[in-house]
Amino acid sequence: MHTFPYSIRARIPRSNIRYTVSRMISTSLTISQANSETLQVSSTKDTEKEAKQLEKQREILLKRQLKAEFSVLLQDLPQLTYPKHYKVECINTEDKVNTTLREFLKSQQGDVFGVDFEWPPTFIKGQPEKKISLVQICSSNAILLVQTTRMKSFPKELQRFFEDRDLLKTGVNIRMDGLKLHRDFGIKTNGLVELMSFANASKLPEVKKYHMRSLRALTAFFLKRRMAKGDVRISNWAVRSLTPKQISYAALDAYASYQIYQAIKKEGIKDIPIIHLEDVHLSRPKSLEKKEKKQEKQTTIEKTLIKPSNTQWRPSSTVVVLKKTT
C-alpha cells in the first residue's frame, strides 16, 4: 500500500460560504411563504365551497318546508268549481266553431279571456310532440271547448280571435302555449298575458312567501280554492268524444285562468305585461313546410297526369296498331 506524505484539502473562500448560506435561507423563506399562501388560498376555497353547500342545503330544506305547508293549505281549501250559470259547450266541427265563436264574442262585455290548450301526451323518448287537440276559452259567463283534431283546417274565426291584439288571452305559461300554436298551425297569437309575471306584481302575502306560480298554486292563493289534479291531464285528448272528467278538467283550467286575472286586477295593478308574438321573429314551422312541399309535389303530379283537351291523342312509336283481316 502506498501512502502519500501530503493530504489534499479543499479550501473555499469564506465570502462564498456566507453567500451560499444566505441564499439557502432566502430560498427556504420564499418557499415557506409560498406554501403558506397556497394553504391560505386552499383554505379560503374550501370555506367558500362549504358555505355554498350549506346555503344550498338551507334552500332545499326551505323548499321542502314550504311544500309541506302548501300541501296543508290545500287540504283546508274547498274544491274549485265553476258557477251554475256558466254554459260549457263542446264543439268539433269547423262551421259550428265559426258560427258559435262570432256569437260568443258579440255577447261578451269584456275583452279578457282565460285560455288553455290540451294535446295527447308522448310517453316514448324522442317521439315528436303531438298537435293541439283541444282549445279552451273562458269568458265571464261561458266556456268553449273546441276539438281541433278532426278538423281539416284551423277555423278562421278562431284564428282571428288569437291574432286580435285587443282581445287579451290569459293563462299560466301562456307564451309557451302561443309558441305551440304557432308550431302546430303557423298562427301568431297576440294579446297574451302571462299570469306568472302578473302575479309577481301582487302584494298578496302567500305569493311573496311561497314563490310558487303554477295554476294550482295561483288558484289556491287568489281564489282560495283547490284544483283537483289526476290522471285525466295525461289522458288522450284526441278522442272523438270527451269524457265528463275531461270536459270538467279542461273547463276548470280556462275558468281558473280567467278568475285569477280578475282577482289580480282588483288590486289596482296597472302595468299589465302583454305579449304580441306578431312582434317576435319566429321561424316558419317545419311541419307547415313539409305540408306545403307535399302539396306542391301532389299538384305537380296531377298536372302531368291531366291531358290537354285541345290536343288529339295519337299512338306513340311504341304502340302497335293491329288491323283485323277478313
Side-chain angles (χ1 to χ4, degrees), residues 80-119 131-172 174-175 177-178 180-182 184-195 198 215 222-223 237 241-242 244 246-266 269-270 272-279:
L80 176 70
T81 56
Y82 46 81
K84 292 182 179 179
H85 71 270
Y86 259 79
K87 180 183 178 181
V88 180
E89 189 171 0
C90 193
I91 313 168
N92 55 15
T93 62
E94 190 176 343
D95 293 337
K96 181 68 173 175
V97 171
N98 291 328
T99 305
T100 305
L101 192 57
R102 277 195 296 266
E103 297 174 357
F104 175 81
L105 295 176
K106 286 180 181 179
S107 63
Q108 300 306 315
Q109 296 179 354
D111 57 355
V112 180
F113 301 88
V115 172
D116 195 19
F117 300 136
E118 302 293 345
W119 58 88
K131 292 178 71 172
I132 293 172
S133 301
L134 186 69
V135 178
Q136 304 111 276
I137 304 173
C138 176
S139 67
S140 58
N141 57 9
I143 302 171
L144 292 182
L145 304 179
V146 181
Q147 292 180 275
T148 59
T149 306
R150 303 189 183 279
M151 297 181 187
K152 293 181 179 179
S153 60
F154 201 83
K156 295 296 181 183
E157 289 297 324
L158 193 58
Q159 181 174 346
R160 289 193 189 98
F161 167 78
F162 282 111
E163 291 177 343
D164 195 325
R165 300 172 77 97
D166 297 325
L167 299 178
L168 301 184
K169 302 94 185 171
T170 181
V172 171
I174 192 69
R175 186 179 185 277
D177 284 344
K180 169 69 174 169
L181 188 65
H182 178 258
D184 289 352
F185 301 101
I187 298 170
K188 291 186 177 181
T189 310
N190 297 315
L192 298 175
V193 179
E194 179 53 69
L195 284 178
F198 198 23
L215 185 61
F222 291 100
L223 306 183
W237 294 98
S241 299
L242 298 175
Q246 285 179 314
I247 293 173
S248 176
Y249 175 91
L252 285 173
D253 270 10
Y255 173 76
S257 297
Y258 175 81
Q259 293 296 342
I260 290 168
Y261 174 89
Q262 299 297 341
I264 300 173
K265 191 180 178 182
K266 286 180 181 178
I269 300 170
K270 296 180 180 179
I272 302 174
I274 301 175
I275 304 169
H276 302 299
L277 291 183
E278 194 176 31
D279 300 336

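Sequential numbering from 1 along the given sequence is applied to the chain's residues. What you see is a predicted model; the values in this text were computed from it and never measured.
The structure places CD1 of I269 at 5.0 Å from CZ of F198, a figure rounded to the nearest 0.5 Å. Atom CD1 of I143 is separated from atom OG of S248 by 9.0 Å, given to the nearest 0.5 angstrom. From E103, atom CD reaches atom CG of L101 across 10.0 Å, with rounding to the nearest 0.5 Å.
Between H85 and S140, the closest heavy-atom pair is NE2-O, 4.0 Å. Of all heavy-atom pairs between K188 and L277, the closest is CD-O, 3.9 Å. Residues G171 and E194 approach most closely at O-OE2, 3.3 Å, considering heavy atoms. Nearest approach of S139 to Y86, heavy atoms of both residues: O-OH, 2.7 Å.
Each of L105, D95, I91, T93 was checked for a side chain to side chain contact (heavy atoms under 4.5 Å, CB included) with T100, and the lone residue meeting it is I91. Among the candidates V146, T148, L144, the single residue satisfying the side chain to side chain contact (heavy atoms under 4.5 Å, CB included) test with V97 is V146.
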- Task: Evaluate the side-chain contact (heavy atoms from CB on, under 4.5 Å) criterion for residues L134 and L145: first the C-alpha distance (whole Å), next the side-chain angles of each, then the deciding distance (0.1 Å), finally the verdict.
- Result: CA-CA 7 Å; L134 186 69; L145 304 179; 4.1 Å; yes
- Query: Stepwise, does the side-chain contact (heavy atoms from CB on, under 4.5 Å) test hold for T149 with K131?
  - Reply: CA-CA 8 Å; T149 306; K131 292 178 71 172; over 6 Å; no
- Query: Between N92 and R150, is a side-chain contact (heavy atoms from CB on, under 4.5 Å) present by the stated rule, with each step listed?
  - Reply: CA-CA 7 Å; N92 55 15; R150 303 189 183 279; over 6 Å; no
- Query: After noting the C-alpha distance and the side-chain angles of F104 and E89, does the key distance pass the side-chain contact (heavy atoms from CB on, under 4.5 Å) rule?
  - Reply: CA-CA 11 Å; F104 175 81; E89 189 171 0; over 6 Å; no
Please output the side-chain donor-acceptor pairs of residues 154-168 that fall under 3.5 Å, not counting sequence neighbours, one pair per line with the distance.
{"residue": "E157", "atom": "OE2", "partner": "R102", "partner atom": "NH1", "Å": "3.2"}
{"residue": "E157", "atom": "OE2", "partner": "R160", "partner atom": "NH1", "Å": "2.7"}
{"residue": "Q159", "atom": "NE2", "partner": "E163", "partner atom": "OE2", "Å": "3.1"}
{"residue": "D164", "atom": "OD1", "partner": "D166", "partner atom": "N", "Å": "2.8"}
{"residue": "R165", "atom": "NH1", "partner": "E278", "partner atom": "OE1", "Å": "2.9"}
{"residue": "R165", "atom": "NH1", "partner": "D279", "partner atom": "OD1", "Å": "3.4"}
{"residue": "R165", "atom": "NH2", "partner": "D279", "partner atom": "OD2", "Å": "2.9"}

N/O donor to acceptor pairs below 3.5 angstrom from side-chain atoms of residues 250-261, sequence neighbours left out:
{"residue": "S257", "atom": "OG", "partner": "D253", "partner atom": "O", "Å": "3.1"}

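H276 places a side-chain N or O within donor-acceptor distance of the main-chain N or O of G191, the cut-off being under 3.5 Å.
W237 is not listed as a side-chain neighbour of F117, based on a closest heavy-atom distance of 4.5 Å or more. Residues I174 and V193 have side chains not in contact (no heavy-atom distance under 4.5 Å, counting atoms from C-beta outward).
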